[in-house]
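Quick caveat: nothing in here was measured; it's all calculated off a predicted structure. All heavy atoms count here, side chains included; hydrogens, waters and symmetry mates do not.
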Amino acid sequence: MKLTDTIARVTGGGSGIGRAICERFAEEGARVVVNDIRQEAAEATAKALGAGARAIAADVADSSAVRAMFATLEREHGRLDVLVNNAGVAFGPGDDRQALIQRGETRIMEMVSGQGVQTHWDVTQNMTDAAWHRVISVHLNGTFYCTREALKLMSRQASGAIVNLSSVAALMGLETVPHYSAAKGAILSFTRAVAREVASRGIRSTPSAQGTSTPR
């Protein structure tokens, strides 16, 4: 029960890694505010956590929606002890996942044949503006919007912890998702900069690159 009497907010908490984080926080005694872009998913997680959990649906890429969500949190709880920026998408509008899978399978067969790879990824040159902006917005802008609002609350109490989920994509880059890789790399630098900025207030900002964030 390490988190007894604390308020924790987790973005992308409706499924996957985000839901697992919510469950663990609840087990440790935290009152969890579950955020997801899907209302039903957020509510399902909150219901599973039991009394004290709260679901708030919002798109973290929308600064107005994030501001309203934190206003609700402040009104209901008056404080925030932990923020986990987990929400994420791996693909955006116009990205063809199935085509990437088929291209990958073809490349494997070409490698096995010993004749050399003739099928190229060509992801970046074919990426739409919409796909680039959506992935960057959810990951990087969403992390910034939520961190900005969280710091307004944490600064008053001179304490708090912010955990931003990154990915191995930030460290090595993934050839099939250059926009996702760029966003995750930027999150690492942003997190380190914020950590240096707010240390004097007793607030911690920590990157986690142990896995990928939860696709929505």
Main chain of [Y], side chain of [X]: is a donor-acceptor contact present, judged purely on distance under 3.5 Å?
{"X": "Asp36", "Y": "Ala42", "answer": "no"}
{"X": "Ser181", "Y": "Leu174", "answer": "yes"}
{"X": "Thr128", "Y": "Ala131", "answer": "yes"}
{"X": "Ser189", "Y": "Ala186", "answer": "no"}
{"X": "Ser166", "Y": "Leu188", "answer": "no"}

If you define the side chain from C-beta out and look only at heavy atoms, does anything of [X] sit under 4.5 Å from [Y]?
{"X": "Thr106", "Y": "Gln118", "result": "no"}
{"X": "Met69", "Y": "Glu149", "result": "no"}
{"X": "Val117", "Y": "Met111", "result": "yes"}
{"X": "Val123", "Y": "Pro178", "result": "yes"}
{"X": "His133", "Y": "Pro93", "result": "no"}
{"X": "Val33", "Y": "Val10", "result": "no"}
{"X": "Ile162", "Y": "Arg204", "result": "no"}
{"X": "Ile17", "Y": "Asn86", "result": "yes"}

* Asked: How are the rings of His179 and Phe91 set to each other: parallel, tilted or perpendicular (split at 30° and 60°)?
  ->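 Aromatic pair His179/Phe91 classed perpendicular.
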Minimum heavy-atom separation for [X] to [Y], with atom names?
{"X": "Gly92", "Y": "Val135", "result": "N-CG2, 3.8 Å"}
{"X": "Ala87", "Y": "Gly12", "result": "CB-N, 3.7 Å"}
{"X": "Ser15", "Y": "Arg38", "result": "OG-NH2, 3.2 Å"}
{"X": "Phe70", "Y": "Leu83", "result": "CZ-CD1, 4.4 Å"}

* Asked: Testing Leu73, Asp81, Val82 for side chain to side chain contact (heavy atoms under 4.5 Å, CB included) with Arg9, which one passes?
  ->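 The option that passes is Leu73.
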* Structure fact -> The side chain to side chain contact (heavy atoms under 4.5 Å, CB included) partner of Ile187 among Leu165, Thr147, Thr143, Asn85 is Thr143
* May I have the step-by-step check of salt bridge (charged side-chain N to carboxylate O under 4.0 Å, His left out) for Glu74 and Arg156, ending in yes or no? => CA-CA 12 Å; Glu74 180 179 14; Arg156 297 178 196 169; 2.4 Å; yes
Does [X] come within less than 4.0 Å of [Y], counting only side-chain N to carboxylate O?
{"X": "Asp95", "Y": "Arg97", "result": "no"}
{"X": "Glu43", "Y": "Lys47", "result": "no"}
{"X": "Glu110", "Y": "Arg107", "result": "no"}

Spacing of [atom1] belonging to [X] relative to [atom2] belonging to [Y], to within rounding of 0.5 Å:
{"X": "Arg54", "Y": "Thr45", "atom1": "CZ", "atom2": "OG1", "result": "14.0 Å"}
{"X": "Cys146", "Y": "Asn35", "atom1": "SG", "atom2": "CG", "result": "6.5 Å"}
{"X": "Arg192", "Y": "Arg196", "atom1": "CZ", "atom2": "CZ", "result": "11.5 Å"}
{"X": "His139", "Y": "Asn141", "atom1": "NE2", "atom2": "CG", "result": "11.0 Å"}
{"X": "Ile203", "Y": "Ser159", "atom1": "CD1", "atom2": "OG", "result": "7.5 Å"}
{"X": "Gln125", "Y": "His120", "atom1": "CD", "atom2": "NE2", "result": "10.0 Å"}

Any chance [atom1] of [X] has more than 12 other-residue heavy atoms, nucleotides or ligands included, within less than 6.0 Å?
{"X": "Arg79", "atom1": "CZ", "result": "yes"}
{"X": "Asp122", "atom1": "CG", "result": "yes"}
{"X": "Arg103", "atom1": "CZ", "result": "yes"}

* In sequence, state the C-alpha distance, the side-chain angles, and the governing distance for Met154 and Leu80, and then conclude on side-chain contact (heavy atoms from CB on, under 4.5 Å). => CA-CA 6 Å; Met154 293 178 177; Leu80 178 64; 4.1 Å; yes
* To do: Applying side-chain contact (heavy atoms from CB on, under 4.5 Å), run through Tyr180 and Val89 and close with a yes or a no.
  => CA-CA 8 Å; Tyr180 176 87; Val89 291; over 6 Å; no
* Asked: Can you name the residues that form a salt bridge (Lys or Arg N to Asp or Glu O under 4.0 Å) with Glu197, not counting sequence neighbours?
  -> none
* Show your working on salt bridge (charged side-chain N to carboxylate O under 4.0 Å, His left out) between Arg134 and Asp59 and close with a plain yes or no. => CA-CA 11 Å; Arg134 181 56 182 167; Asp59 183 352; 3.2 Å; yes
* Criterion side-chain contact (heavy atoms from CB on, under 4.5 Å) on Leu49 and Val34, from CA distance to verdict -> CA-CA 10 Å; Leu49 299 182; Val34 184; 4.0 Å; yes
* Trace of the side-chain contact (heavy atoms from CB on, under 4.5 Å) decision for Arg201 with Gln157 -> CA-CA 9 Å; Arg201 288 189 175 275; Gln157 63 205 38; over 6 Å; no
* Classify the side-chain pair Thr191/Asn164 by whether it contains a donor and acceptor separated by less than 3.5 Å. => yes
